[in-house]
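Since the structure comes first, as structure tokens, the remarks are kept for the end.
Proteins come first, then strands; the chains are lettered A, B, ... in the order of their sequence lines, and each starts at number 1. Small disclaimer: the values here were computed from a predicted structure and weren't measured.
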2 protein chains.
Amino acid sequence: MSIVLLAKDLGLSISTVSRALNGYDDVSAATRERVTLRAKAIGYRPNPSARRLGAGSTSAIGVILPAASSTGQAVDSMYSSLLGGVVTEIEPAGYHLLASMQAKPDAAREAALYENFIRGGWVDALLIVRTRVHDARLDLARAAKVPFVTYGRTESEQPYAWVDTDNEKAFQLATTRLLDLGHRRIALINGPEEYYFAQLRRRGYLRALSGRKLKADPAWMLHGDLTEASGHELCRSLLIQRPAPTAFVCATDAMAFGAIAACREAGLAIGSDVSVIGYGNSSLSAFCDPPLTTMEHQVFENGRYVGRALLQLLRKEIKPADVHYLEPVVLVPRKSDGPAPR
Amino acid sequence: MSIVLLAKDLGLSISTVSRALNGYDDVSAATRERVTLRAKAIGYRPNPSARRLGAGSTSAIGVILPAASSTGQAVDSMYSSLLGGVVTEIEPAGYHLLASMQAKPDAAREAALYENFIRGGWVDALLIVRTRVHDARLDLARAAKVPFVTYGRTESEQPYAWVDTDNEKAFQLATTRLLDLGHRRIALINGPEEYYFAQLRRRGYLRALSGRKLKADPAWMLHGDLTEASGHELCRSLLIQRPAPTAFVCATDAMAFGAIAACREAGLAIGSDVSVIGYGNSSLSAFCDPPLTTMEHQVFENGRYVGRALLQLLRKEIKPADVHYLEPVVLVPRKSDGPAPR
DNA sequence: GGGGTGATCAAAAACGTTTTTGGCTTGGGA
DNA sequence: TCCCAAGCCAAAAACGTTTTTGATCACCCC
């Protein structure tokens with residue numbers, strides 16, 4: 001009964017108070033001033049539920065976090081930073097982040113979760129992360145006419161709003177660096193094949209190789225699940241091949257740490273016998289031994305970009321086709337790579 | 001206009017449909033069956049906003065993530081797992097997690113955020129993380145009569161619901177282990193002093209020392225901000241003292257990695273010249289060199305416990321005073337510690 | 001002076017539920 | 001036969017906004 005109290009207190013009608021507070025232009029500046037002042041003094045806050053019901057919008061942005069594939073438990077810590085960035089932007093605009101999670105990777109359950117989120121009217125817009133090569137979630141969102149932006153691209157006929165890092169260029173860069181160091185046997189320890197970023201990374205890797213007229217060996221392009229354990233296992237399987245690779249480009253720093261552990265177990269000196277490059281510039285990469293050569297990208301900043309795009313989309317200030325932000329990735333040279341051994 | 005359509009379709013009144021769907025017992029089993037079936041067939045979902053307005057509850061649980069103190073940007077990745085656990089539990093019960101974030105550590109702004117969350121009617125319950133020794137947030141929640149559970153304890157006269165890990169025992173355990181290995185000069189690289197867990201860890205550390213009739217040197221109990229960089233810096237400042245510590249107990253694995261880097265720079269061999277114990281058993285700790293001796297606690301599982309407690313609190317099945325879960329911490333011995341040097 | 005045009009505000013109708021209140025059966029006990 | 005309770009359901013009143021519609025008034029121009 002709050003707005004009616006305020007209205008009574010002011011001697012105005014409910015609608016005038018509402019319109020004053022919401023910045024409509026058919027209420028005089030003087031009245032608006034009077035209303036906002038009194039509202040603040042009285043400590044009036046519009047009830048969000050009522051506001052949602054009345055306006056038909058929820059002022060919430062939804063995201064469904066993917067469960068890590070291996071354990072089915074932990075969430076990729078990258079998302080903390082991403083969501084941090086998103087929230088930083090949407091918070092001042094009065095939006096909140098409604099986060100749900102997939103307990104286990106399961107396509108049917110995933111669809112149901114998104115269904116519920118969208119059709120149930122929980123959120124005004126959607127953030128879709130960890131995009132796949134072909135991603136049914138885009139169709140779901142489109143069908144329900146819910147604005148969305150994806151973090152990571154996908155193969156889609158129709159235009160859509162995306163923010164992504166330049167995976168292809170990044171891995172081309174890293175691979176070229178290793179080629180310049182004299183390596184000729186370079187392995188790619190990639191992420192899960194179904195994700196689009198893995199495709200792009202392979203593309204960059206291949207592009208670098210073919211730039212030197214080198215043929216890629218399919219046996220040296222492996223897919224894992226982004227964890228240390230996976231990097232460790234894949235690297236070990238590569239090291240027993242003859243000839244073995246002398247360099248490894250990894251999809252995450254975590255995988256790189258796993259690979260380094262495997263190399264060390266094989267008695268190889270990191271940075272001389274064998275070279276390893278990671279991805280992500282995790283806070284640890286500068287402090288391990290040897291410090292990890294890796295590729296930096298600004299997850300938090302990307303999150304902010306996503307948040308801004310979402311806001312603009314909601315306000316219809318921009319069309320999905322115009323939200324295309326490709327973050328350049330920079331290589332951070334440290335000590336985990338070096339000239340190819342003789 | 002959804003429930004009225006369904007009601008019309010069924011030839012029942014709106015209220016009967018609502019009551020049937022919500023499991024009231026004054027509607028016959030047969031009617032309930034008929035309604036639920038038809039609802040599913042027709043694809044009816046109650047509009048959450050309307051439901052909230054009608055029932056006065058939001059079916060959302062709020063959490064405000066603290067910004068990492070150093071960068072003001074990234075979020076501690078531990079929260080990914082914690083929130084993952086929470087969501088896993090509350091999702092099936094129809095609850096969602098409403099996450100907000102503090103852009104920067106700032107007491108006034110924090111209070112405003114919580115104010116808005118609670119008084120604004122955004123959430124039904126609150127999860128309070130990273131508790132401080134004296135924590136004003138509890139009073140805020142109590143004053144607004146919003147159920148809450150804290151992750152981590154605090155000093156409070158009144159009973160409250162908490163889930164925590166046994167920080168004190170953990171650090172007593174770790175310190176005792178080092179004492180058993182012959183170390184007599186053990187430093188504590190702790191987290192920020194304001195957080196209660198830091199107090200508890202120091203208490204455990206001190207208890208272990210006094211168990212051997214040893215005096216603690218205040219100069220060897222340092223506080224940092226949980227990051228690698230901080231661990232690195234603190235450890236370096238300790239190593240230039242004469243005599244220098246021979247062992248370090250660290251508040252996080254990240255700090256331990258930083259400390260290890262500092263030791264290595266000082267030309268010390270980890271596990272023989274100097275011993276380091278971490279906390280958290282991060283996925284990396286098994287793969288670094290040497291593998292890190294650390295303390296494991298199950299963040300995801302704790303999150304599930306928190307979720308369940310929240311649900312029970314909301315249903316009034318339990319009183320805050322009865323939610324006291326202290327997770328035992330287990331030490332994972334690896335190779336970063338060893339007998340004290342002569 | 002009359003008709004149109006803005007500017008300002010009031011009244012009332014949505015929005016889609018939940019919850020309260022009370023009415024109508026039916027059956028059993030006195 | 002009458003009364004009462006229990007079981008089932010309908011009607012209507014909340015819930016607190018936003019938005020639409022329309023009324024009133026002043027003003028200006030012709």
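Going from atom NZ of B:K8 over to atom C1' of D:dA10 covers 15 Å, rounded to whole Å. Atom CD1 of B:I3 and atom P of D:dA14 are 19 Å apart (whole Å). Between A:R52 atom CZ and D:dC15 atom P there is a gap of 18 Å when expressed in whole angstrom units. Protein atom CG of B:L21 is 14 Å distant from nucleotide atom P of D:dC9, rounded to whole Å. D:dC15 atom C1' lies 4 Å from atom CG of B:L53, rounded to whole Å.
Looking at residues two or more places apart in sequence or on another chain, you find no salt bridge (charged side-chain N to carboxylate O under 4.0 Å, His left out) involving A:D322.
Of the options A:V63, A:L138, A:L140, a side chain to side chain contact (heavy atoms under 4.5 Å, CB included) to A:I128 is made by A:L138 and by none of the others.
Between A:R132 and A:E110 there is a salt bridge, with a side-chain nitrogen of the basic residue lying less than 4.0 Å from a carboxylate oxygen of the acidic one. Salt-bridge annotation for A:R45 and B:E115: present, with a side-chain N of the basic residue lying under 4.0 Å from a carboxylate O of the acidic one.
Residues A:L65 and A:L83 have side chains in contact (heavy-atom distance under 4.5 Å, counting atoms from C-beta outward).
Nearest to the side-chain atoms of B:I14 among the listed nucleotides C:dC15, D:dT18, C:dT18 stands C:dT18.
A cation-pi contact, defined as under 6.0 Å to the ring centre and within 45° of the axis, is absent between A:R153 and A:Y196.
Residue A:S18 places at least one side-chain N or O under 4.0 Å from the OP1 or OP2 atom of D:dT18. Distances shown here put a side-chain N or O of B:Y24 below 4.0 Å from the OP1 or OP2 atom of C:dT19.
In this structure a side-chain-to-backbone donor-acceptor pair under 3.5 Å is present from B:R137 to B:V129. Without hydrogens or angle criteria, B:D164 side chain to B:L326 main chain gives no donor-acceptor distance under 3.5 Å.
Side-chain atoms of A:S156 and A:T154 form no donor-acceptor pair, as typed in the model, at a separation below 3.5 Å.
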Quick one: what's the B/S/- string for nucleotides 4-9 of chain C, heavy-atom cutoff under 4.0 Å, read 5' to 3'? ----BB

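Contacts of residues 43-51 of chain A with DNA chain D (heavy atom under 4.0 Å): A:Y44, A:R45, A:P46, A:N47, A:A50, A:R51.
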